[in-house]
Amino acid sequence: MAAFLEIRNLSFIYPEYNGIKKRYIFKDLSLSVDRGETAVFLAPPESGKTTLSRIITALVPRYTGGILEGEVFIDGKDIKKEKPYNLLSMAGIVFQDPEEQILTPRVESEIGFSLESSGYDYDIIKTRTDHAISKVQIGHLKGMNPAYLSGGEKRKLLFACLAASDPELWILDETFEEIDPEGRIFLLEYLKNEKKTVLILTSKMLDIYRKYCGRFFLYDGDSLLDEKIKPDRVFMENALKCGVYLDSNKLKANIKRLPADKDSPDSPVLVKASGIKFRYPDSEFSLNIDDFYLKSGEVTVLLGRNGSGKSTLAKIISGLLIPDRGNVCLDNDGNPGISSPDELNRNTAYLFQNPDFQLFLPTVGEELAFGLKTRRIDKEAQKKMIEQTVSLFRLESIDAPPAIMSYGARKRLQAAIYYLLNKKILIIDEADSGLSFNDYTLILKSLRNLDPPPAVMIISHDMRLSAGLADRVLIMEGGSLLSGGSDERFKELLDISMAEVL
């Protein structure tokens, strides 16, 4: 079978920026993907996956600058000689950050946008849009503004955009991490049945890839370590060393667990929500939470399908959304009581799914210093704290501009900011997306080791990660917490996630 995507001796360097070291992103990288094959390009964060995805789709270096050497061919065509819009029928991409890609205020118009831009008639656009919505099974999102969708739902929407434009080659940059386990299976089945050529670029080796993918590349940031039709023991050992595969036992050993006395039902509750009801404007979705609590030092993992209300509950707990009914009470130094949104926000570290919603200053140093301004810390002590934090969270430099840092580096910066602020409540909303397991462990270990230890709530779709971290697992369905059967449902989700390991 002839290669549909062929990369030959690829090397690339970005232009030099203040605070960012000039280096080769790739050097003499070569690989190929056959027509109709689904391949996984597995590599740690900051190793160039997003850059590679945009080189293949002719966006880099055209719109970024930089020096590109080597050749990339799609179906025999040299992409250096093609304008990006000439590749639309051949190659499509789902960005790691969906906010960079979604342009319109309605789900249907977003799906039809590329078709309209390509000059298709209205009837064809409507037919293909309706067909894509049906094929990807997102009919429940029709009429909605993408701004109100969850991170996973936005990725499903962009998946539907590609289904409508129907390119032969699909480039998926960290697309599956924020999609629920059943959704991953459905979308991978779709690609298999449609016989698409697919390149999945990811920082994590999800077990489900073993069933649906026919080629695996392991890249360590310098060179292509391995290529396999099916991952063998050596491949997985190397993936483990690169931090892109999870060793559950190592995870449990590295993260400080809940002290025994905290497991007692009489242990104090730090924050409690009761009788919560909330509905977004112009949406059928409603949140209904009878009772919810977080304990200091405890890790609570919140699971549920995309759009089940996990992030909505997190925003209410952190004071970012005001419920239509109900109360959130914070035990503030032994004085529990109904808390205002401002009080909740002052005491909560909320790592958003998208780091760009929280980063707004020109440099890493300014981001880290911003929250410390209200504290009585002398400049020398503050500078030392910031330098130590930059080192701990593996940030490139104090002068680096967050706007051009990788998605994973921006997430580490998010965590570093809250590490310095030392809040009582820590909410990690799918922050594992775009991070290696090593980086995620680093973040959680650093934040959990704060004194006093915060109450931690993790929102995730990674079942093995959840099993390795959780003191308590809660599951949301349709805007409510499962009142019974959570353990059985979690076991079912874990079985789905790990079905291909054996």
Side-chain angles (χ1 to χ4, degrees), residues 144-154 178 180 268-296 298-332 335-355 357-358 414-415 417-418 421 423-431 433 447 454-461 466 470-483 486:
M144 291 185 66
N145 185 333
Y148 295 131
L149 302 182
S150 71
E153 287 173 329
K154 288 174 182 175
E178 291 185 22
D180 54 71
V269 170
L270 180 60
V271 63
K272 180 179 176 64
S274 56
I276 299 293
K277 299 204 178 285
F278 178 83
R279 183 187 292 272
Y280 287 105
D282 304 319
S283 172
E284 295 181 3
F285 171 82
S286 63
L287 187 76
N288 299 280
I289 304 295
D290 294 328
D291 184 64
F292 175 85
Y293 66 87
L294 296 172
K295 295 179 181 180
S296 177
E298 182 180 63
V299 174
T300 300
V301 173
L302 189 60
L303 304 175
R305 289 177 175 162
N306 297 127
S308 62
K310 303 182 299 298
S311 293
T312 301
L313 174 58
K315 289 174 183 176
I316 288 173
I317 295 296
S318 61
L320 296 174
L321 288 177
I322 300 173
D324 301 324
R325 290 178 56 189
N327 299 304
V328 181
C329 300
L330 177 68
D331 186 348
N332 198 353
N335 297 307
I338 296 174
S339 302
S340 68
D342 285 345
E343 184 180 11
L344 291 170
N345 195 252
R346 283 196 304 271
N347 287 279
T348 304
Y350 187 173
L351 276 70
F352 284 7
Q353 284 176 287
N354 188 336
F357 290 166
Q358 291 176 294
Q414 266 183 302
I417 291 167
Y418 283 122
L421 295 180
K423 305 268 188 165
K424 292 182 177 181
I425 303 165
L426 171 63
I427 298 175
I428 304 178
D429 192 350
E430 303 203 41
S433 172
L447 292 169
V456 180
M457 183 170 86
I458 294 173
I459 299 173
S460 180
H461 291 296
S466 301
D471 296 315
R472 187 166 56 107
V473 174
L474 299 175
I475 297 177
M476 292 195 73
E477 288 189 359
S480 300
L481 290 168
L482 281 184
S483 56
S486 289

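FYI, the numbering just counts along the sequence from 1.
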Sequence neighbours excluded, which residues qualify as side-chain contact (heavy atoms from CB on, under 4.5 Å) partners of [X]?
X: S150; result: E153, N306
X: N345; result: L320
X: R472; result: Y293, L294, E298, T300, L474
X: A273; result: I276, F292, I317, V328

Working for side chain to side chain contact (heavy atoms under 4.5 Å, CB included), residues S286 and R279: CA-CA 5 Å; S286 63; R279 183 187 292 272; 3.9 Å; yes
Could you pull out all residues at least two apart from [X] that satisfy side chain to side chain donor-acceptor pair (under 3.5 Å)?
X: T348; result: none
X: S274; result: none
X: N145; result: none
X: K154; result: E99

Flag the pair [X] / [Y] as yes when at least one side-chain heavy-atom distance between them is below 4.5 Å, and no otherwise.
X: P355; Y: Q414; result: yes
X: L426; Y: L351; result: yes
X: I289; Y: M476; result: yes
X: I458; Y: L302; result: no

Quick check: closest heavy atoms across [X] and [Y], and the distance to 0.1 Å?
X: L149; Y: M144; result: CD2-CE, 3.7 Å
X: P341; Y: I322; result: CG-CG1, 3.8 Å
X: Q358; Y: Y418; result: NE2-OH, 3.2 Å

All pairs passing side-chain hydrogen bond (donor to acceptor under 3.5 Å, both in side chains) where residues 314-326 contributes a residue, at least two apart: none
To the nearest 0.5 Å, what is the distance between [atom1] ([X]) and [atom2] ([Y])?
X: D429; Y: N354; atom1: CG; atom2: CG; result: 10.5 Å
X: N327; Y: I338; atom1: CG; atom2: CD1; result: 3.5 Å
X: L287; Y: S311; atom1: CG; atom2: OG; result: 11.0 Å
X: L481; Y: D290; atom1: CG; atom2: CG; result: 8.5 Å
X: L313; Y: N288; atom1: CG; atom2: CG; result: 11.5 Å
X: E178; Y: H461; atom1: CD; atom2: NE2; result: 7.5 Å

Under the ring pair (Phe, Tyr, Trp, His ring centres under 6.0 Å) test, residues paired with Y350 that sit two or more places apart: F352
By ring pair (Phe, Tyr, Trp, His ring centres under 6.0 Å) - contacts of Y148 (at least two apart):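 Once residues adjacent in sequence are excluded, Y148 has no partner under the ring pair (Phe, Tyr, Trp, His ring centres under 6.0 Å) criterion.
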Donor-acceptor contact below 3.5 Å, side chain S339 vs main chain L330: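 Indeed, once roles are kept as given, a pair shorter than 3.5 Å links the two residues.
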N/O donor-acceptor pair under 3.5 Å between K424 side chain and L270 backbone: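 Pair absent, no side-chain N/O of K424 close to backbone of L270.
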Working for side chain to side chain contact (heavy atoms under 4.5 Å, CB included), residues K423 and N347: CA-CA 5 Å; K423 305 268 188 165; N347 287 279; 5.6 Å; no
Contacts of type salt bridge (Lys or Arg N to Asp or Glu O under 4.0 Å), residue K272, not counting sequence neighbours: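 So K272 forms a salt bridge (Lys or Arg N to Asp or Glu O under 4.0 Å) with D291.
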Steps toward side chain to side chain contact (heavy atoms under 4.5 Å, CB included) verdict (L303, V473): CA-CA 7 Å; L303 304 175; V473 174; 3.7 Å; yes
